[in-house]
Amino acid sequence: MKNPNITLSPEIARALNFGTPVVALESTVITHGLPQPQNLELARDMEQQVRDHDAVPATVALLDGEIRIGLSDGELVRLSESDSVLKVSHRDFATAIVKKKNGGTTVAGTMFASQLVGIKVFATGGIGGVHKESAFDISTDLHALAEIPMIVVCAGAKAILDLPATLEYLETMGVPVVGYQTDEFPAFYSRESGLNVSVRLDSPKEVADFAQAHWRLGMRSAVLVTNPVPETEAISKSEMEPMIAKASAEAIEQEIHGQKLTPFLLSRISELTEGKSLRTNLALLLNNARLAARIAAEMKTSKQVKAI
Ligand code: PSU
Ligand code: MN
C-alpha cells in the first residue's frame, strides 16, 4: 500500500524497479552536522561518489512535511540553506509531517525511511551512540541498528561518545560490527580506538555475503560496517582527546542536552582544531559513500524492490 507521506524521486523509483544498486544518504549531516557552504558541497560530492561507483544516490530528507527519497539538485540547495529545519529521528517524523517542516534525517531516521522502500545499503559519517555527558543519552541510532536490516557504512562512532558503552550496547542488541580491512573499531577522526570489532572483512563482496548470511538466518538487525578514515586525513587519538574533553566540559557547563548535544560538540571540535576536524569529516564521508556504492553493487543479485 502506498504511503501518502513518502515520495520517491523518479530516478530512485526506476532504480528500485530495475534492481539498480541504490545507496541511501542521510541529511542531518547537511542540516545540522556541517556549516554552510561545505554542507551543500559535501551533499553533492557524496552523491557524485556514489554515481562514480555505479550506484544511484538516494538522499533522504523531509521537505514541507513530505518524506522524500532522492532529491534533485535544487532540493539539495533548499535543504542546505533552510533554517528552522528539524533534526528528524524516529519520534520526529510525524511532527515534521503535520507541521509541514523541512528536516534532516539522522542515521536512525534515514534507515527507517529507506527500508520502507526496500533500500539495503546506506552511507553516513558516524553513528550516534551512548553519550559521555549522560548515561541516559543513548542515540535512537543504536535502537534502529538493532531493528532495521540494512548495511550501514560509517567511520565508527565519534570519540565524543562513550565508545566502550556504545559497543556493549550494539553487542547486547545483536548488531554485528564489521571492521573494513581492520580489526580495530575506528573512532571517526582517528583510525584507532583500542577497541575491537566483531569481525574483520576485506572486500565489498565479503561484506555483501556476510549480510546475506546474517539475514538468511532470520536476523533482523543491521550490519554495521566501520570504514577507517583514509590515513592521509586521519587525526591521531592523542591529538583529538584534549579537544574532545574540552568540548565535552563546555557542553556540561552550558547545560546542552538532547538533540543539540551532537551538533554542539561537532562545531566546537571543528573550531578547536581550526578546521582540521572538518576536513577529516568530509574525507571520511566521501570514503564511506564510495565503499557503500561498491557494496551495493555486490548486493544487486538480491532483490532490492519492495512496494511502499
Ligand atoms: N555524526 C557525525 N555527524 C552528524 C551526526 C553524527 O559525524 O551529523 C548526526 C547523525 O545524523 C546521527 C545523529 O544519526 O547525529 C545522532 O544524533 P543523536 O546523538 O542526537 O541521536
Ligand atoms: Mn541523544
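Counting starts at 1 for both ligands and their atoms, following the listed order.
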[X] heavy atoms, cut-off 4.0 Å: which ligand 1 atoms fall inside?
X      : answer
Thr106 : 11 (O), 14 (O)
Lys87  : 17 (O), 18 (P), 20 (O)
Phe188 : 7 (O)
Thr28  : 9 (C), 11 (O)
Glu26  : 10 (C), 11 (O)

N/O separation below 3.5 Å, [X] to ligand 1:
X      : value
Asn281 : no
Val107 : yes
Thr140 : no
Thr262 : yes
Gly258 : no

Checklist entry - Under 4.0 Å between a Lys/Arg side-chain N and an Asp/Glu carboxylate O for Arg268 and Glu271? => result yes

Next on the checklist: I'd like to know if Arg51 and Glu11 make a salt bridge, using a cut-off of under 4.0 Å between side-chain N and carboxylate O.
Outcome noted: yes

Checklist entry - Of the backbone atoms (N, CA, C, O) and the side-chain heavy atoms from C-beta on, which set of Leu261 has a member under 4.0 Å from an atom of ligand 1: side chain, backbone, both, or neither? => result neither

So between [options], whose heavy atom ends up nearest [atom]?
atom                    : options                     : value
atom 14 (O) of ligand 1 : Asp141, Ile30, Val88, Asn39 : Asp141
atom 8 (O) of ligand 1  : Ser27, Gly33, Ala144        : Gly33
atom 1 (N) of ligand 1  : His131, Gln259, Lys158      : Lys158

Next on the checklist: I'd like to know if the side chain of His32 pairs up with that of Thr262 as donor and acceptor (distance under 3.5 Å, no hydrogens or angles considered).
Outcome noted: no

Item to check | Residues Ser190 and Ser236: side-chain donor-acceptor under 3.5 angstrom | outcome: no

Checklist entry - Is it true that a side-chain atom of Asp162 and a backbone atom of His131 form a donor plus acceptor pair closer than 3.5 Å? => result no

Next on the checklist: Donor-acceptor check, side chain of Thr28 to backbone of Gly104, threshold 3.5 angstrom: yes or no?
Outcome noted: yes

Checklist entry - Under 4.5 Å between side-chain heavy atoms, hopping through other hydrophobics if needed: is there a path connecting Leu272 to Ile160? => result no

